[in-house]
Structures are given as structure tokens and as C-alpha cells.
Amino acid sequence: MNYTSFLIKYGEIGIKGKNRHIFEDALVRQIKYSLENADGKFEVTKKQGRVYVECLSDYDYEETVECLKRVFGIVGICPVIHVENNGVDSLCRAVESYVKEAYDGRVCTFKVNARRANKSFSLNSMEINALLGEKILDVMPGFTVDVHKPELIINIEIREKVYIYSDIIPGPGGMPIGTSGKAALLLSGGIDSPVAGYMIAKRGVQIDAVYFHAPPYTSERAKQKVVDLAQSVAKYAGPIKLHIVNFTDIQLYIYDKCPHDELTIIMRRYMMRIAEHFAKENNALGLITGESIGQVASQTMQSLFVTNEVCSLPVYRPLIGMDKQEIIAVAERIGTFETSILPYEDCCTIFVAKHPVTKPNLKVIKHSETYLNEKIESMVKEAIETTEIINVK
Ligand code: ATP
Ligand code: MG
């Protein structure tokens, strides 16, 4: 079938009243951005409360649908054919050949759902439904009519042209990026944080990312892995400003001065402080992590309490109640899992103690941090100043 356009169905954003146009404009913008990854020339338009993608040249159908499936805010993608509006006979022929080509041999119930936006057409909607219903029954032996619960709805829209569509490919749902502000994602090379970024982006939030790199303990390849993961998330979330913080000196200093069983928790507090610095600098309204209660020692409720204590921005933890298997299922679906499981070292694992505290006490941790007083401020400043920024698309 040679589809000439896609009708984009959007759910939640349709109900936002006066803000509706802001959401629609963001949706159009994100569709255009996503289609940059597809071969072909497209025009994305918003008319009469509908968003259409018109295909202006040859294009790859599968690739185009894949791109659209990554645009948050879309609930359904309907491949459409349009034909000239040349009266009733021509309409019947077009619909007959459409159903024959799309559903050859199929056994199912159906109904026709016509909308006559162009009132100059000689039949009204009810009459079109009845006539086309009959015509379809004639050419499709496996089809029977069910007007209440049809398995298939053949939609006909009579406008300047005639639009025919029946298939609805599910979109990702959510809200278009850029409609909910910005947040900074602490992005490691693991399985969890890319999923966390995806989930918050799905609510329309633009994402910045911060990665703590510890060369030479973590390699160039570990860093590249994080860039690759940011790229995978950017397919959904749009361009990501990725900050690569050189964390080695801070880690070594903590290792040198603090009790080893408190290392991870103190290190995580410095990560949050630095990430919050970049969040504020970029007008982000929150931090995002891939933490989930009880997953590891640094994610017990006590540890989360102690880590959280250094932040003044809200910390969004969308995986907080999820099991690893559930997180992996999302990672597989969004295409980050394969990269996440590549075996490059992470800065957290290198300095990790054999028996890290699982129930850190805030007072004790704060006291241990005083051992860092001499140099830590200048080290944090240095880490911030030497941070590398990569704009990932
Ligand atoms: P992930 O699979 O996301 O790496 P994890 O299970 O390994 O998570 P931790 O190492 O405890 O868990 O990290 C918890 C969260 O802290 C991560 O989800 C991420 O948001 C952040 N984080 C951990 N290490 C780094 C890092 N090197 N750079 C940036 N953020 C990090
Ligand atoms: Mg990790």
C-alpha cells in the first residue's frame, strides 16, 4: 500500500484547554525532529485540531513509523491514503481497492465511519456509511458488519480531498518534550539511569545529563558507552546536553580521608551536589536518578535519605518501586539494554567497599565529610570548571 500521509492521534494533550496549542506546537516540533532520522521529505501540519504528516517524496514506511513511535504525546499513528474528491463513484472505487489491498483474505467484523467535513459532497455521513458498507461486503467475502463492536473501523474523511484510514499503530503516549520544563539526569553506564531518563522525558520533560568519569580507572570506552546511551535516550527525549565530570581526584580524596564503608554514600552525596550545580546553571527544575529502593546498599531508604539531604531541588526517581526485571523490560523495549550490559567499568564499582554501610547515619556521614574540609571545596570547583560538555543528538 502506498500511504501518502499519517494522521497523528494524541490523547492527553487534547484536553489541556487553552494550553492546547502549546502542546500541539511542541508535538509538531518533536515530530519534525524525529523525522530527521528518516529518509524522505515530510511536511508536518496542524489543521482543524489534527496533526498530519504528509509524505512529499518516496520514503521508507517502516523507518518513518519507527521514528513516529518515539515521539511522546502520540497515542496512535494512522497510515492514510488520500484520493481526489471526484464524487460518489470514484469514492466507492477508491475504498474498494483500499480494503482489497489492505485486508485481502481477512475474516473480521467492520464498520464504516464517515465524516463529511466538506458539505458540498452529495451524500451525508450516514448515507456514505451505508453505501460503502454494502460495497465493501460485495468485495470482501470474509467481512461482516458490526456497528457496535467492530474489529475494524474503516474511516473516511471527506475534505478538499478524501482521506481513508483504518489502521492505528500505537504510539508511546506521554506528553511532547518541552511542555514540562527541564531536569538533569545522573546518567551512568548502567541499565537503570537511561530508563529513568526515558520515563521522565515521557512526561514532556527536557533532559540534561551528568556523567561522573574517573580516568584512568574508567576508560575512554566507558565514557563512549555513556555517550551512546545518551544518544539512545535522545531519540525519544530530543538533544541532550551531556556533562562529563572528571571525578577521579574527588574519589581518591574521599578514599584517602574517609572510612571505606562510607565511601559510596559520601561519593554519591558529592555527585548529587555537583549535578545540582549543573541543573541550576541550566535552569533545570529537578534531578533524575535510576535509584530503586533496596536494589543495592546505596539505595536503602536510609541511604536515599542521606544522599537526598544534600539536594535542594526535587530528585525524581521514576524507578523507585520497580524490580530489576521490570526495569530491564523497559530497557529492552527502548533499545538501551544492549549498550548498558557492555562490560565496561563504572566509577562506583571501582572504589566500592567490601561491606558498605547499608544504614548510614546522617550525623556520622556529615562528621566523616569534615575530614575533607581542607581541599574538597577547591576540588569540586575544579571538577566543575574542567567539565566537558557534549551536545548529544
Ligand atoms: P545504573 O544501572 O543506572 O548505573 P545502579 O544500579 O548501578 O544504576 P548505582 O550505582 O547505585 O546504581 O547508582 C544509582 C544512580 O546514581 C544511577 O541510576 C545514576 O542515576 C546515578 N549514578 C551512579 N553512577 C553514576 C555515574 N558514574 N555518573 C552519573 N550518575 C551516576
Ligand atoms: Mg551504576
Side-chain angles (χ1 to χ4, degrees), residues 183-201 207-215 217-219 221-230 232-233 240-248 250-251 254 263-279 286-304 306-308 310-311 313 315-320 322-328 330-332 334 336-353 356-358 360 383 387-388 390:
L185 168 67
L186 282 89
L187 180 62
S188 71
I191 295 168
D192 306 327
S193 43
V195 172
Y198 166 90
M199 286 175 69
I200 296 297
I207 303 286
D208 276 349
V210 186
Y211 166 58
F212 295 91
H213 189 41
Y217 303 97
T218 55
S219 64
R221 299 213 303 181
K223 172 177 152 186
Q224 186 56 43
K225 180 182 168 183
V226 173
V227 175
D228 293 345
L229 285 172
S232 300
V233 177
I240 293 177
K241 183 174 175 187
L242 172 62
H243 301 73
I244 311 229
V245 183
N246 187 332
F247 205 48
T248 315
I250 294 175
Q251 270 189 315
I254 300 172
L263 208 72
T264 308
I265 202 82
I266 293 174
M267 201 180 77
R268 295 203 45 73
R269 280 164 60 92
Y270 279 97
M271 283 187 181
M272 297 302 256
R273 288 178 173 114
I274 294 171
E276 183 165 278
H277 166 87
F278 288 118
L287 300 175
I288 307 166
T289 74
E291 289 160 315
S292 152
I293 293 176
Q295 198 188 73
V296 287
S298 59
Q299 297 176 31
T300 61
M301 287 193 65
Q302 291 83 353
S303 297
L304 289 169
V306 172
T307 312
N308 204 76
V310 298
C311 302
L313 289 177
V315 182
Y316 297 104
R317 300 180 172 92
L319 313 185
I320 200 71
M322 288 169 76
D323 292 343
K324 198 75 185 185
Q325 274 314 316
E326 295 173 297
I327 299 168
I328 287 174
V330 183
E332 285 178 328
I334 66 173
T336 53
F337 185 69
E338 291 299 315
T339 311
S340 288
I341 58 172
L342 292 173
Y344 305 129
E345 60 295 314
D346 179 57
C347 71
C348 299
T349 47
I350 288 164
F351 295 88
V352 82
V357 281
T358 53
T387 289
E388 178 190 1
I390 301 178

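Everything numeric in this text was worked out from a predicted model, so none of it was measured. Note that ligands are numbered from 1 as they come in the structure, with each ligand's atoms numbered from 1 the same way.
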query: What is the minimum heavy-atom distance between C311 and M272, and which atoms define it?
result: SG-CB, 3.7 Å

- request: Check each of Q299, M272, E291, H243 against atom 9 (P) of ligand 1 and report the one with the nearest heavy atom.
  value: Q299

message: Has E332 got a side-chain atom pairing as donor or acceptor with F337's backbone, closer than 3.5 angstrom?
response: no

task: Could you name the option among M267, R268, R317 that has the heavy atom nearest to atom 21 (C) of ligand 1?
output: R268

- prompt: Are any of the side-chain heavy atoms of I254 and I250 separated by less than 4.5 Å?
  reply: yes

- request: Measure H213 to ligand 1 on non-hydrogen atoms and call it side chain, backbone, both or neither using the 4.0 Å cut-off.
  value: neither

- prompt: Going through the distances and angles, do S193 and S188 end up as a side chain to side chain donor-acceptor pair (under 3.5 Å)?
  reply: CA-CA 6 Å; S193 43; S188 71; 3.2 Å; yes

message: Show the atoms of ligand 1 that are less than 4.0 angstrom away from any heavy atom in V296.
response: 11 (O)

query: If you measure from CD1 on I341 to OG1 on T336, what distance do you get to the nearest 0.5 Å?
result: 10.5 Å

task: Give the single entry among L187, I274, I341, L186 that approaches atom 20 (O) of ligand 1 most closely by any heavy atom.
output: L186

- prompt: Got R317 and I293 here, is their nearest side-chain heavy-atom distance under 4.5 Å?
  reply: no

Polar contact flag for I288 and ligand 1 (N/O pairs, less than 3.5 Å): no

- prompt: When you look for heavy atoms under 4.0 Å from ligand 1, do you find them on the side chain of S193, its backbone, both, or neither?
  reply: both

query: Which ligand 1 atoms does S298 reach within 4.0 Å, using its non-hydrogen atoms?
result: 11 (O)

field: Which segment of V210 sits under 4.0 Å of ligand 1 when only heavy atoms are counted
entry: backbone

Sub-4.0 Å atoms of ligand 1 with respect to non-hydrogen atoms of T289: 20 (O)

task: For a side chain to side chain contact (heavy atoms under 4.5 Å, CB included) with R268, tell me which candidate from L263, T307, V306 qualifies.
output: T307

- request: Could you list which atoms of ligand 1 come closer than 4.0 Å to a heavy atom of Q295?
  value: 6 (O)

Atom indices of ligand 1 within 4.0 angstrom of G290 heavy atoms, with elements: 17 (C), 18 (O), 20 (O)

- request: Please tell me if the side chains of Q302 and T358 come closer than 4.5 Å, counting only heavy atoms from C-beta onward.
  value: no

